[in-house]
Amino acid sequence: MSKSRVALWVGSLIAFLVLGTAVADAMVDTDEERLGEVADVLVRDNPDSRVDGLLAWSDPDRQPVYVTEGRTRRRIDDSADLPDALHGALSAFDADEPVEVVQRDVSIDRETATVSLRARAGGERVDVTISLRREGQGYLISGVRVL
């Protein structure tokens with residue numbers, strides 16, 4: 001086999017490996033990307049859609065959720081109580097104008113994660129921090145804090 005043929009095979013193999021790695025990376029979401037979806041849920045137009053989006057990330061029967069609105073903090077242990085608590089806490093996003101995201105951050109520290117969002121809704125600044133705990137391969141919300 002000639003050197004040019006060997007070089008062609010080696011080049012083809014390298015290109016195949018690089019392409020395969022790129023495709024695999026594109027198909028696998030990182031934890032940061034998946035948790036970024038939590039922040040996306042908060043800026044949905046429909047209040048029920050926001051709450052439904054957060055409910056998909058929660059299970060108060062397994063992981064209690066602490067909902068903090070201003071200085072009021074409630075522990076939610078029952079799935080039936082969580083929708084009302086979230087509607088109340090997220091009511092600042094119910095303005096007629098679209099929510100403008102000012103800052104968004106996702107941080108992960110071993111078994112916990114934090115999704116922070118600073119937004120402008122109805123002319124007011126709203127800061128939301130969502131705390132999550134690792135549960136198996138995913139995360140469950142352990143706290144929602146709105147200031």
Side-chain angles (χ1 to χ4, degrees), residues 8-147:
L8 180 63
W9 277 101
V10 169
S12 296
L13 179 62
I14 290 172
F16 178 75
L17 290 174
V18 168
L19 181 61
T21 302
V23 168
D25 183 51
M27 291 175 58
V28 176
D29 285 341
T30 65
D31 282 347
E32 288 87 359
E33 291 169 334
R34 284 187 291 156
L35 291 170
E37 294 172 15
V38 175
D40 295 340
V41 162
L42 294 171
V43 295
R44 291 179 179 171
D45 291 335
N46 184 306
D48 291 332
S49 179
R50 283 193 293 271
V51 170
D52 290 344
L54 291 182
L55 290 175
W57 288 83
S58 60
D59 184 356
D61 300 326
R62 290 185 358 210
Q63 170 65 54
V65 178
Y66 290 88
V67 178
T68 306
E69 185 180 0
R71 294 179 186 239
T72 305
R73 183 176 189 217
R74 293 177 48 198
R75 176 184 166 128
I76 309 295
D77 294 302
D78 186 350
S79 296
D81 296 335
L82 188 55
D84 288 339
L86 291 175
H87 269 293
L90 299 175
S91 64
F93 289 111
D94 294 347
D96 292 333
E97 303 166 20
V99 175
E100 175 192 352
V101 176
V102 176
Q103 184 178 359
R104 174 182 148 159
D105 182 57
V106 175
S107 61
I108 299 173
D109 184 22
R110 295 187 186 113
E111 299 299 310
T112 61
T114 304
V115 176
S116 301
L117 182 77
R118 174 168 283 171
R120 206 168 295 295
E124 298 292 324
R125 187 182 87 189
V126 181
D127 292 323
V128 179
T129 303
I130 303 203
S131 305
L132 302 103
R133 297 186 78 50
R134 183 175 292 282
E135 181 73 29
Q137 296 297 314
Y139 288 86
L140 288 176
I141 292 176
S142 59
V144 175
R145 182 176 174 209
V146 181
L147 299 175

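Note that the coordinates shown come from a computational prediction; the quantities given were computed from them, not determined experimentally.
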From the list Pro60, Pro64, Ser58, side-chain contact (heavy atoms from CB on, under 4.5 Å) with Ile141 holds only for Ser58

State the CD-CD distance between Glu135 and Gln63, to the nearest 0.5 angstrom. 7.5 Å

Residues at least two apart in sequence or cross-chain that pass side-chain contact (heavy atoms from CB on, under 4.5 Å) with Arg71, listed by chain then number, are none

Nearest heavy-atom neighbours spanning Trp57 and Leu132: CE3-CD2, 4.0 Å

Are any side-chain N or O atoms of Ser131 and backbone N or O atoms of Ser142, one a donor and one an acceptor, separated by less than 3.5 Å? no

Where do Ile76 and Val67 come nearest, in terms of heavy atoms and distance? CG1-CG2, 4.1 Å

Close side-chain approach of Arg110 and Thr112, heavy atoms under 4.5 Å: no

Evaluate the side-chain proximity of Leu82 to Val51: yes if any heavy-atom separation is below 4.5 Å, no if none is. no

Keeping the roles fixed (side chain from Asp78, backbone from Asp81), state whether a donor-acceptor pair exists under 3.5 Å. no

Heavy-atom count around Arg134 CZ within 6.0 Å, excluding the residue itself: above 12? yes

Exceeds 12 heavy-atom contacts within 6.0 angstrom, atom CZ of Arg145: no

Ile130 to Val38 - nearest heavy-atom pair and separation: CD1-CG1, 3.8 Å

More than 12 heavy atoms of other residues, nucleotides or ligands under 6.0 Å from CG of Asn46: is that the case? yes

On a heavy-atom basis, the closest approach of Glu69 and Ser91 is OE2-OG, 4.3 Å

So, do Asp127 and Arg118 sit near enough that their side-chain heavy atoms are less than 4.5 Å apart? yes

Smallest heavy-atom separation, Leu35 atom then Val115 atom, equals O-CG2, 3.6 Å

Less than 4.5 Å apart, side chain to side chain, heavy atoms only: is that true for Asp52 and Leu55? yes

Using every non-hydrogen atom in the two residues, find where Ala85 and Arg74 come nearest and quote the distance to one decimal. CB-NH1, 3.7 Å

Side chains of residues 93-109: which donor-acceptor partners sit under 3.5 Å, not counting sequence neighbours?
residue, atom, partner, partner atom, Å
Asp94, OD1, Arg50, NH2, 2.3
Arg104, NH1, Asp40, OD1, 2.5
Arg104, NH2, Gly36, O, 3.2

